Amino acid sequence: MKSGTASIPPAHAAILGVIRAIPRGKVTSYGEIARRAGLPRHARLVGRLLGDYSALKLPWQRVLRADGRIAFARGSAAFREQRMRLIEEGVAVANGRVDLGRFGWQRDLDEQLWRMA
DNA sequence: TCCTTGACCATTA
DNA sequence: ATAATGGCCAAGG
């Protein structure tokens with residue numbers, strides 16, 4: 001057959017996999033996800049996919065802009081929902097922004113290394 | 001093909 | 001800290 005199944009392209013799968021790997025209570029950026037997926041400079045694709053694959057119930061609330069700010073407009077419903085979901089899992093959101101120094105994914109590594117020393 | 005559209009990003013002013 | 005700018009790149013029309 002001509003692959004009638006609109007299977008998920010490898011690039012998409014890689015990105016979705018990274019998104020699913022973000023620990024609860026932690027956040028990361030569109031660009032970082034792209035890099036981890038082996039697709040540097042594809043931050044915009046990450047955002048596109050979050051919307052396209054919304055049916056997969058991904059932890060989209062853990063994805064923020066590179067500076068820690070929520071990508072949606074301040075007054076939008078999406079903005080409020082993301083803020084709520086983050087707070088719900090213990091991530092502090094002040095002025096639509098999350099302190100990546102405290103909740104940024106990968107910061108966990110430093111934490112572990114710290115504990116080891 | 002060409003053109004437009006983004007849940008982006010880094011730099012500069 | 002905020003805003004403009006140029007760059008980025010997959011999708012869709």
Side-chain angles (χ1 to χ4, degrees):
Chain A
M1 66 179 121
K2 181 171 163 278
S3 123
T5 61
S7 61
I8 300 178
H12 293 196
I15 288 173
L16 296 182
V18 173
I19 292 172
R20 276 193 266 249
I22 307 170
R24 183 187 170 77
K26 288 294 178 180
V27 300
T28 191
S29 70
Y30 297 89
E32 178 58 28
I33 289 171
R35 281 192 292 278
R36 282 205 186 210
L39 295 167
R41 291 183 295 297
H42 283 66
R44 303 191 96 129
L45 178 59
V46 174
R48 164 185 281 275
L49 298 188
L50 277 172
D52 290 349
Y53 293 99
S54 60
L56 299 184
K57 300 186 196 93
L58 302 162
W60 59 272
Q61 70 272 22
R62 299 175 194 153
V63 187
L64 308 170
R65 286 188 180 162
D67 61 2
R69 307 231 310 147
I70 287 177
F72 300 106
R74 290 297 294 272
S76 70
F79 177 95
R80 289 193 298 277
E81 162 122 37
Q82 184 162 20
R83 175 176 123 283
M84 176 202 74
R85 282 173 171 247
L86 284 171
I87 292 175
E88 192 174 15
E89 59 180 68
V91 177
V93 183
N95 283 315
R97 177 192 302 155
V98 170
D99 182 346
L100 297 181
R102 291 197 301 162
F103 304 101
W105 188 22
Q106 177 106 49
R107 282 281 177 181
D108 296 333
L109 281 181
D110 301 73
E111 207 175 298
Q112 309 245 329
L113 294 176
W114 235 263
R115 200 173 347 237
M116 272 195 331

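None of the values given here were measured: they were computed from a predicted structure. A note on names: the letters A, B, ... follow the listed sequences, proteins ahead of strands, and every chain is numbered from 1. The figures that follow rest on heavy atoms only: side chains count, while hydrogens, waters and symmetry mates do not.
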Completion exercise
Once base and sugar-phosphate atoms are separated, protein heavy atoms under 4.0 Å mark nucleotides 1-13 of chain C, 5' to 3', with B, S and - as S-----BBSSS--
Practice task
Identify the 5'-most and 3'-most nucleotides of DNA chain B with at least one atom closer than 4.0 Å to a non-hydrogen atom of chain A.
Solution key: B:dG6 to B:dA10
Practice task
Step through it carefully: locate the ring centre of A:His42, locate the ring centre of A:Tyr30, and say whether they are under 6.0 Å apart.
Solution key: no
Handout entry: Within 6.0 Å of CG in A:Asn95, more than 12 heavy atoms from elsewhere
Key = no
Exercise for the section: Determine the minimum heavy-atom distance between A:Arg102 and A:Lys26, stating which atoms define it. Expected result: O-NZ, 3.4 Å
Problem - Residue pair A:Ala34 / A:Ala43: nearest heavy atoms and the distance that separates them - result: CB-N, 3.9 Å
Problem - ring pair (Phe, Tyr, Trp, His ring centres under 6.0 Å) partners of A:Phe79, counting only residues at least two apart - result: none
Fill in the blank from the handout: CZ (A:Phe72) and CZ (A:Arg83) are apart, to the nearest 0.5 Å, by 14.0 Å
Fill in the blank from the handout: Between the CG atom in A:Leu50 and the CD atom in A:Gln61, the distance rounded to the nearest 0.5 Å is 10.0 Å
